[in-house]
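Basis for what follows: all heavy atoms, side chains included, without hydrogens, waters or symmetry-related copies. Everything quoted here is computed from the prediction, not taken from an experiment.
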Amino acid sequence: MSDRWTQGGMKLANESPLGQRLVDRGIISVADLERALEWQRENDNAHLLGEVLQRLEMATEDEVVETLAESYGVPYVRHVARTADPTVIDLLPREFIEEHRVLPLFLVRGVLTVAVIEPSNLILAEEIARLTDHQVELVAATKAEIESAIRSWLPSANVFVIDDIYEDIADEDFSVIERQATELADLEEVAGHGPVVKLVNYIIYTAVQEGASDIHIEPDDNKLRVRYRVDGRLYEKLSPPHRMHAAIASRIKIMSNLDISERRVPQDGDFNVMMDGRPIDLRVSTMPGKHGEKVVIRIIDSRNSRLGLEQLGFSGRMLEAWQEIVEAPNGVVLVTGPTGSGKSTTLYSVLGSISADDRNLSTIEDPVEARLPGVNQAQVNTRAGFTFAGALRAMLRQDPDIIMVGEVRDNETAGIVTQAALTGHLVFSTLHTNDAPSAVTRLVNLGVEPYLVAATLRGVLAQRLVRKICPHCKAPAEPDERAAAAIKAAGGDPGKLWRGTGCGRCRGTGYAGRVGVFELLVPDAALLEAIASGAPLQALRALLTDGGFRTLRDDGMEKVAAGLTTPEEVLYAAIS
């Protein structure tokens with residue numbers, strides 16, 4: 001068998017070439033291998049066999065590197081970013097790490113374990129040993145995993161490395177924190193120290209880079225952890241020294257113009273940063289706890305709020321019906337769902353699709369989450385007495401055509417919204433209900449007469465957000481009986497299911513990004529008659545079911561069948 005069957009023209013440690021090993025493991029066929037070798041010859045052997053197989057989509061990078069690792073007799077490591085000890089990364093110069101795509105993982109008893117793409121490179125191992133003055137043990141990892149970990153720990157050339165913070169921190173910098181200082185000047189001085197400023201900047205920078213919606217800074221008895229909420233789930237990003245907690249909290253309070261001497265009651269504030277040429281709004285909430293103040297920062301990135309209606313996840317039929325509703329000349333259009341279900345994003349997408357050239361589009365929000373060109377946006381200020389109801393009354397004197405009210409929270413706002421719709425305005429708003437039919441009874445409970453609900457309601461969209469399967473590690477899977485039955489009921493293929501196996505790009509979760517799951521209530525004559533007569537919720541649901549109404553669960557399982565998400569995600573989103 002020819003040497004060109006080896007990776008890079010080099011025999012493997014046990015004399016078994018890469019191509020043959022992949023055939024033996026059932027990853028590729030002999031015909032695949034011959035085709036790959038033919039492609040390699042036609043391209044003057046400019047690519048390694050593993051690269052060719054990936055290029056021709058015959059094998060994944062995971063499969064190639066794992067096979068190579070087995071051949072070389074070295075461990076194969078997944079989830080490199082979670083395996084790495086941040087305190088050893090600076091044993092190698094940043095330039096060396098980026099040039100050779102290597103990552104120090106941990107140092108145990110003088111042996112430094114380093115993740116590399118090509119574990120047979122003995123010259124590279126010797127160079128690492130020389131630079132670190134440690135015995136080196138190589139492990140194999142994919143290029144994608146290593147590059148993802150490098151981006152995580154070394155974000156960019158103009159952002160500090162997290163290990164530099166730890167190096168700069170001396171115990172005396174935080175001695176005032178240990179004795180629970182009450183003097184404002186001491187706390188301000190510590191919060192302004194370089195390491196604290198750099199750490200807070202790093203936390204915010206990486207959270208925005210990773211698409212986080214929230215940052216949680218949580219003190220425990222002897223531990224401080226920083227968690228990010230990405231795609232609706234929290235995961236731990238880093239654990240700074242516990243003694244830094246008060247200084248970090250004080251630094252964030254200073255940035256938010258809050259009282260740093262007050263740690264007994266909750267506080268709310270906000271500040272802005274510029275990143276990649278765009279403003280990022282950050283809303284800060286502090287809450288006293290047993291082990292100190294917990295700080296939560298909500299990230300409002302306008303880039304995430306400007307999606308076209310086609311990008312939200314509507315099916316073709318539902319998108320057409322929704323577009324017809326939002327083009328109505330007057331009435332009330334509601335978007336419902338729990339907190340964090342994407343209601344504001346949907347309404348921003350609607351307003352972004354409506355031309356403001358010949359119409360007056362106005363919003364009342366709490367808070368304003370994104371700037372919309374051509375739209376007059378107002379933010380409520382309850383402390384100053386500028387409530388939703390008061391703002392809506394004032395706005396109706398401003399000759400509006402289309403109004404968006406951030407949320408219908410009370411009977412006064414509900415009544416004004418209804419009256420605005422009756423006088424020829426199109427009003428968009430949100431409600432906190434579990435499904436679309438419940439919005440009708442919610443309006444009645446807020447004091448709107450049933451006949452007025454029937455006269456003004458144009459449509460109700462209920463929604464949730466579910467995580468999408470990572471496209472980089474997506475693989476077929478067998479559904480269980482429950483999932484198969486639900487997929488079949490939604491009109492899909494019950495024998496077809498997809499899952500993410502976990503890779504560096506999705507942090508090993510198997511998911512990347514989110515998509516909307518919807519149900520759209522468009523009242524017909526029979527339903528409007530039932531609403532006007534004050535029919536109970538169960539009667540409204542029965543009418544909808546008889547009319548072929550597609551529920552959130554139906555839409556969710558349709559997306560499962562299409563390979564966009566998993567049954568577990570649909571169930572986790574509380575879709576029944």
Hey, are the side chains of [X] and [Y] touching, using non-hydrogen atoms and a 4.5 Å cut-off?
X: Val560; Y: Pro567; result: yes
X: Leu282; Y: Val273; result: yes
X: Asn257; Y: Phe271; result: no
X: Asp270; Y: Asp281; result: no
X: Ile146; Y: Val102; result: no
X: Tyr228; Y: His216; result: no
X: Val226; Y: Glu236; result: no
X: Cys506; Y: Cys473; result: yes

Looking only at non-hydrogen atoms, find the nearest pair between [X] and [Y] and report the distance.
X: Val295; Y: Thr286; result: CG2-CG2, 4.2 Å
X: Leu465; Y: Ser341; result: CG-O, 3.4 Å
X: Arg464; Y: Pro338; result: NH1-CD, 3.5 Å
X: Thr501; Y: Ala475; result: CG2-CB, 4.0 Å
X: Ala140; Y: Pro119; result: CB-CG, 4.0 Å
X: Cys503; Y: His472; result: SG-CB, 4.0 Å

Spacing of [atom1] belonging to [X] relative to [atom2] belonging to [Y], to within rounding of 0.5 Å:
X: Thr113; Y: Glu137; atom1: OG1; atom2: CD; value: 4.5 Å
X: Met244; Y: Arg251; atom1: CE; atom2: CZ; value: 12.0 Å
X: Asp32; Y: Leu22; atom1: CG; atom2: CG; value: 10.0 Å
X: Leu68; Y: Thr142; atom1: CG; atom2: OG1; value: 12.0 Å
X: Leu234; Y: Ile215; atom1: CG; atom2: CD1; value: 11.5 Å
X: Leu238; Y: Leu199; atom1: CG; atom2: CG; value: 6.5 Å

Are the side chain of [X] and the backbone of [Y] linked by a donor-acceptor contact shorter than 3.5 Å?
X: Asn201; Y: Lys198; result: no
X: His134; Y: Leu91; result: no
X: Asp231; Y: Gly513; result: yes
X: Ser250; Y: Ile260; result: no
X: Gln379; Y: Glu365; result: no
X: Glu51; Y: Leu53; result: no
X: Lys474; Y: Gly563; result: yes
X: Glu61; Y: Gln54; result: no
X: Gln135; Y: Ala129; result: no
X: Asp220; Y: Lys223; result: no

Please assess Arg94 against Glu98 for the test salt bridge (charged side-chain N to carboxylate O under 4.0 Å, His left out), listing each intermediate value before the final yes or no. CA-CA 6 Å; Arg94 179 192 184 100; Glu98 292 181 331; 3.5 Å; yes

For the pair [X] and [Y], find out whether any cationic side-chain nitrogen is under 4.0 Å from an anionic carboxylate oxygen.
X: Glu63; Y: Arg21; value: no
X: Lys294; Y: Glu218; value: yes
X: Glu38; Y: Arg41; value: yes
X: Lys143; Y: Glu145; value: no
X: Lys237; Y: Glu210; value: yes

Could you give me the CA-CA distance, side-chain angles and deciding distance for Thr345 and Leu312, then say whether side-chain contact (heavy atoms from CB on, under 4.5 Å) is met? CA-CA 9 Å; Thr345 299; Leu312 298 178; 4.1 Å; yes

Would you kindly say whether [X] and [Y] are connected by a side-chain donor-acceptor distance under 3.5 Å?
X: Tyr76; Y: Thr67; answer: no
X: Thr566; Y: Tyr511; answer: yes
X: Glu118; Y: Tyr72; answer: yes
X: Thr60; Y: Asp62; answer: no
X: Ser239; Y: Arg225; answer: no

Evaluate side-chain contact (heavy atoms from CB on, under 4.5 Å) for Ile252 paired with Ile297, printing each intermediate quantity in order. CA-CA 9 Å; Ile252 294 171; Ile297 303 174; 3.9 Å; yes

Please walk me through it: do Phe106 and Leu112 pass side-chain contact (heavy atoms from CB on, under 4.5 Å)? CA-CA 6 Å; Phe106 40 82; Leu112 178 65; over 6 Å; no

Checking Met255 against Val200 for the side-chain contact (heavy atoms from CB on, under 4.5 Å) test, could you report, in this order, the C-alpha distance in whole Å, the side-chain angles of both residues, the deciding distance, and whether it holds? CA-CA 10 Å; Met255 298 169 75; Val200 171; 3.9 Å; yes

Look at atom CG of Asp268 and say whether more than 12 heavy atoms of other residues, nucleotides or ligands are closer to it than 6.0 Å. yes

What do the steps show when you test Glu568 against Arg467 for salt bridge (charged side-chain N to carboxylate O under 4.0 Å, His left out), and what is the final call? CA-CA 10 Å; Glu568 292 80 10; Arg467 293 184 296 175; over 6 Å; no

Take Glu293 and Lys253 through the test salt bridge (charged side-chain N to carboxylate O under 4.0 Å, His left out) and record every step on the way to the result. CA-CA 11 Å; Glu293 286 181 294; Lys253 285 182 177 180; 2.8 Å; yes

Pair Asp214-Arg298, salt bridge (charged side-chain N to carboxylate O under 4.0 Å, His left out): steps then yes or no: CA-CA 5 Å; Asp214 301 88; Arg298 166 63 58 89; 2.6 Å; yes

